[in-house]
Amino acid sequence: MLQRILFLTCALLLPQCAPAGAVTSIPLKDKARIQKNAEPVVRTQSQLDAAFALWTASAQNPINFRLEGELKRKWRQLVSETTWGEYARRCTTAYMETGQVSLTLEYRDYVRLRAALRDAAFRAILSADEERVLRELEQRAQSVLREGMSDMQKAQALHDLLVLCSRYDAEGACDIADILRTGSGSCEAYSATLCVMLEIAGIPARMVTGSAGGPHAWNLALIDGSWRHIDATWDDPVVSDGSRQLLSHAYFCVSDAEIARTHRWNRAAYPAAEGHTAAFYRQSGTYFSDFASFWRAAMAAYRRGETSFEGYLATYGNPARFQRNVQKFSSAGTPTRMQWTGPDTSAGTVILQFGEK
């Protein structure tokens, strides 16, 4: 079953990137280093999470703000890795008794490259290596983007490009430069690379840090006006024997409810992803409410010479039921060899792979 196979794959092959470094605190004696009335004023964790999303859009450094109320006594807990870990590998903090805080972040590569796309002045101060990486990402993205594409079509083209040109490696690199150079990387490298390419296509995107059987990273992207989750790593699984499964879109442009079956994250820190189930399949015309319509489309693909067919079946049921339907609808025109992956739930993505005619 597709979800079960994907879940077991990622549970076994978790990314081994070193976590973001611990917060380093430096006593701040020179009060002039922080404005007396630093803004914004932060009173809750949710306010700080929202502010971080704005600050990091331009890779702001240092970040100054003021805590008020009870938060002044809890600033170490408030300014924790759960707040800045999405954006930076390390964070140095300075604090004053007045509640004023200054943070200096060692930003992740995707944050700096994303900021460079949004601000030409910031791009001008990128290092030569960073500029090289950004140019290569722009070239790769432009190779699959076409005029007139919708956001969904652009995102799919970039998702497929990344999955088909990369190989997931549990112990692989975490940086964009390394995945471009070696063709393999961890979930962090996948999500960072896709985040920047989406921005190149004009699609705002974020990296989500959470868990999926272990520490994990994926993306949120603003697709045609709605936030959607994209997990390119889970759409590019490597099974235990080292072989790869077919390109999947089971974790492409899905809602909070859909991805929450296998993923966990701090929802309060990210925009909500709501909307129809299986949005990608509905838009691409591969959402099926019954087996008969799914089968007709699959056999039409087989007759066209395609080697596989992917669709979302709202009445999958279970593997035994699917097998009975295959036997019921099979005919002389059915592939003699055929295998498939399907969901653990009663509905979901099904991929058929055809044998030789």
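The model shown is predicted, which means the values in this text are computed figures rather than measured ones.
Residues passing the side-chain contact (heavy atoms from CB on, under 4.5 Å) test with Leu145 are Ala141, Gln142, Met149, Lys154, Leu158, Ala201, sequence neighbours excluded. Scored by the side chain to side chain donor-acceptor pair (under 3.5 Å) test, Glu136 finds Arg140 as partners (sequence neighbours excluded). Ser308 meets the side chain to side chain donor-acceptor pair (under 3.5 Å) test with no other residue; sequence neighbours excluded. Scanning for side-chain contact (heavy atoms from CB on, under 4.5 Å) contacts around Ala300 gives Arg303, Arg304, with sequence neighbours left out. Looking at residues two or more places apart in sequence or on another chain, you find a side chain to side chain donor-acceptor pair (under 3.5 Å) between Glu138 and Arg123. Residues forming a side chain to side chain donor-acceptor pair (under 3.5 Å) with Asp178 (at least two apart in sequence, or on another chain): Arg181. Under the rule for a side-chain contact (heavy atoms from CB on, under 4.5 Å), the partners of Val208 that lie at least two apart in sequence or sit in another chain are Trp218, Leu220, Trp265, Tyr270. With sequence neighbours left out, the side-chain contact (heavy atoms from CB on, under 4.5 Å) criterion links Thr83 to Gln45, Leu48, Asp49, Phe52, Ser80.
Cation-pi check for Arg112 over Tyr107 is not met; the charged atom does not lie both under 6.0 angstrom from the ring centroid and within 45 degrees of its normal.
Phe309 and Phe294 have perpendicular rings, their planes meeting at more than 60° on a 0 to 90° scale where under 30° would count as parallel. Relative orientation of the Tyr251 and His263 rings is tilted, given thresholds of 30° and 60° on the angle between their planes.
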Can I get a per-line list of side-chain donor-acceptor pairs under 3.5 Å for residues 320-332, giving both atom names and the distance, sequence neighbours left out?
residue: Asn325; atom: ND2; partner: Arg321; partner atom: O; Å: 3.4
residue: Ser330; atom: OG; partner: Val326; partner atom: O; Å: 2.5
residue: Ser331; atom: OG; partner: Gly333; partner atom: N; Å: 3.3

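Contacts classified as ring pair (Phe, Tyr, Trp, His ring centres under 6.0 Å) and involving residues 122-167 (residues at least two apart or in different chains) are given here: His159-His249, His159-Phe252. Residue pairs meeting the salt bridge (charged side-chain N to carboxylate O under 4.0 Å, His left out) criterion with at least one member in residues 284-301: none, sequence neighbours excluded. Sorted by first and then second residue, the salt bridge (charged side-chain N to carboxylate O under 4.0 Å, His left out) pairs involving residues 192-215 (not counting sequence neighbours) are Glu86-Arg206, Arg118-Glu199.
Ion pairing of Arg89 with Asp175 is present here, as a side-chain N (NZ or NE/NH1/NH2) and a carboxylate O approach within less than 4.0 Å. For Arg135 and Glu131, the salt-bridge test passes: some basic side-chain N is under 4.0 Å from an acidic carboxylate O.
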